[in-house]
Visitor: 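I am attaching a structure below and will ask some questions about it afterwards.
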Protein chains: 2
Amino acid sequence: MAITDVECCEEQHVHTDITDKAKKDMPGEDELYDLAELFKIFGDSTRIKILFALFEEEMCVCDIADTLNMTQSAISHQLRILKQSKLVGNRREGKSVIYFLADDHVRTIIDQGLNHIEE
Amino acid sequence: MAITDVECCEEQHVHTDITDKAKKDMPGEDELYDLAELFKIFGDSTRIKILFALFEEEMCVCDIADTLNMTQSAISHQLRILKQSKLVGNRREGKSVIYFLADDHVRTIIDQGLNHIEE
DNA sequence: TTAACATATGAACAATCATTCATATGTTCA
DNA sequence: TGAACATATGAATGATTGTTCATATGTTAA
């Protein structure tokens, strides 16, 4: 057990058997960062609402804005974020652009969140 | 179909059959807000790391700080948030305070996130 | 009680972010 | 081609937030 610098408490008192194991099993920085970034996407009620709307059916931007009673611009900005995270996909259909859920992870993640809320 | 005000696109073009259904099935504001708040907790890599550390075993604040190589103050502030969200619990044990995972939802939610990342 | 240790917390600061506004891009139809 | 519609986007702004620093609270042992 190396005594390199001062911790919050005396280094001697750190339970290195536990912390060593925790450090060893900790995922890499990149994975942890990506994971946090993913959850950050769900951490905004506008985006959550958009996802709930798309649970029903695919929709154009205009319909989503109407459903949430928000401006087209605000929705478009958020859709861009959702698309970058591969949570939604889109396709152009004439003048409209149709957005849809990319996969079923979204549903599962949100359902787990609801479970926690409703306990 | 009421024509009350101007939407992003002409009100006439909104697919009210779809938007009405989406509006009807949308959870209440409070629930959506709580859900977003919950995911916001997971949307920070420091808190994610703390949760991963606690996956291994319960730990005192000092050990968590050592595991993450961060200051005691930063960890304590984040533990407060995690506790408020009922994601972790704690108990005092002498001079130390031991933190632990509150329930298994945490694991499930993070696992689902990892699934999405690793695809 | 005092000293040392462990944790919590308030204030301040920098960074991040959601929305708005103005405008640009892209599509269709006459 | 031009006009109308639908969506995207850059800049600006107000609000939120993670960390640091200083310090307070709480616990133990001498």
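What you see is a predicted model; the values in this text were computed from it and never measured. Residue numbering restarts at 1 for every chain, and letters A, B, ... go by the order of the sequence lines. Only this structure's heavy atoms are used, side chains among them; waters, hydrogens and symmetry mates stay out.
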Visitor: Take atom NZ in A:K40; do more than 12 heavy atoms of anything else shown fall under 6.0 Å from it?
Guide: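 Yes, because the 6.0 Å sphere around NZ of A:K40 holds more than 12 heavy atoms from other groups.
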Visitor: Establish whether the base of D:dA6 is bridged to the side chain of A:Q72 by a donor-acceptor pair shorter than 3.5 Å.
Guide: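 In this structure, the two groups form no donor-acceptor pair.
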Visitor: Please report the distance, rounded to the nearest Å, between CD1 in A:I41 and P in C:dT16.
Guide: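 So the CD1-P distance, A:I41 to C:dT16, works out to 15 Å.
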Visitor: Enumerate the residues from residues 73-96 of chain A whose closest heavy atom to DNA chain D is under 4.0 Å, giving them by residue number; use none for an empty result.
Guide: A:S73, A:S76, A:H77, A:R80, A:K95, A:S96
Visitor: Check whether any side-chain N or O of B:T46 sits under 4.0 Å from OP1 or OP2 of D:dG18, and answer yes or no.
Guide: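 For B:T46, the contact criterion (side-chain N or O under 4.0 Å from OP1 or OP2 of D:dG18) is not met.
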Visitor: Counting only heavy atoms not in A:D17, do more than 12 fall under 6.0 Å of its CG?
Guide: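 Counting other residues, nucleotides and ligands, CG of A:D17 exceeds 12 neighbours.
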Visitor: Can you give me the N/O atom pairs linking the protein to nucleotides 12-15 of chain D at distances under 3.5 Å, or say none if there are none?
Guide:
none

Visitor: Can you tell me if CD on A:E118 sees more than 12 non-hydrogen neighbours from other groups inside 6.0 Å?
Guide: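 Count over threshold, so yes.
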Visitor: Taking CD1 from A:I98 and P from D:dA8, how many angstroms apart are they, rounded to a whole number?
Guide: 11 Å
Visitor: A:K86 and A:A102: which non-hydrogen atoms are nearest, and at how many Å?
Guide: O-CB, 3.2 Å
Visitor: Whole angstroms only, please: what is the CG-P distance between B:L68 and D:dG18?
Guide: 15 Å
Visitor: Within this structure, what is the CD1-to-C1' distance between B:I64 and C:dA6, rounded to whole angstrom?
Guide: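 These atoms are roughly 13 Å apart.
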Visitor: Whole angstrom is fine here: how far is it from CD1 in A:I48 over to P in C:dC17?
Guide: 16 Å
Visitor: Pick one: which of B:T108, B:L38, B:L35 meets side-chain contact (heavy atoms from CB on, under 4.5 Å) with A:H116?
Guide: B:L38
Visitor: Looking at A:F55, is A:R107 sitting on its ring face, NZ or CZ under 6.0 Å from the six-membered ring centre and within 45 degrees of the normal?
Guide: yes
Visitor: For B:H15 and A:D63, test the side chains for any donor-to-acceptor distance below 3.5 angstrom and give the result as yes or no.
Guide: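 The answer is yes; a qualifying pair exists.
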Visitor: Ignoring backbone atoms, test whether A:Y99 places a side-chain nitrogen or oxygen under 4.0 Å from the OP1 or OP2 oxygen of D:dA8.
Guide: yes
Visitor: Hey, is OH on A:Y33 packed in by over 12 heavy atoms from elsewhere, all under 6.0 Å?
Guide: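 It does not: A:Y33 OH has 12 such atoms or fewer within range.
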Visitor: Starting at atom CZ of B:R47, determine the distance to atom P of D:dT16, rounded to an integer number of angstrom.
Guide: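 Distance, rounded to whole Å: 16 Å.
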Visitor: Flag yes if more than 12 heavy atoms outside A:K23 fall under 6.0 Å of its NZ atom; otherwise flag no.
Guide: yes
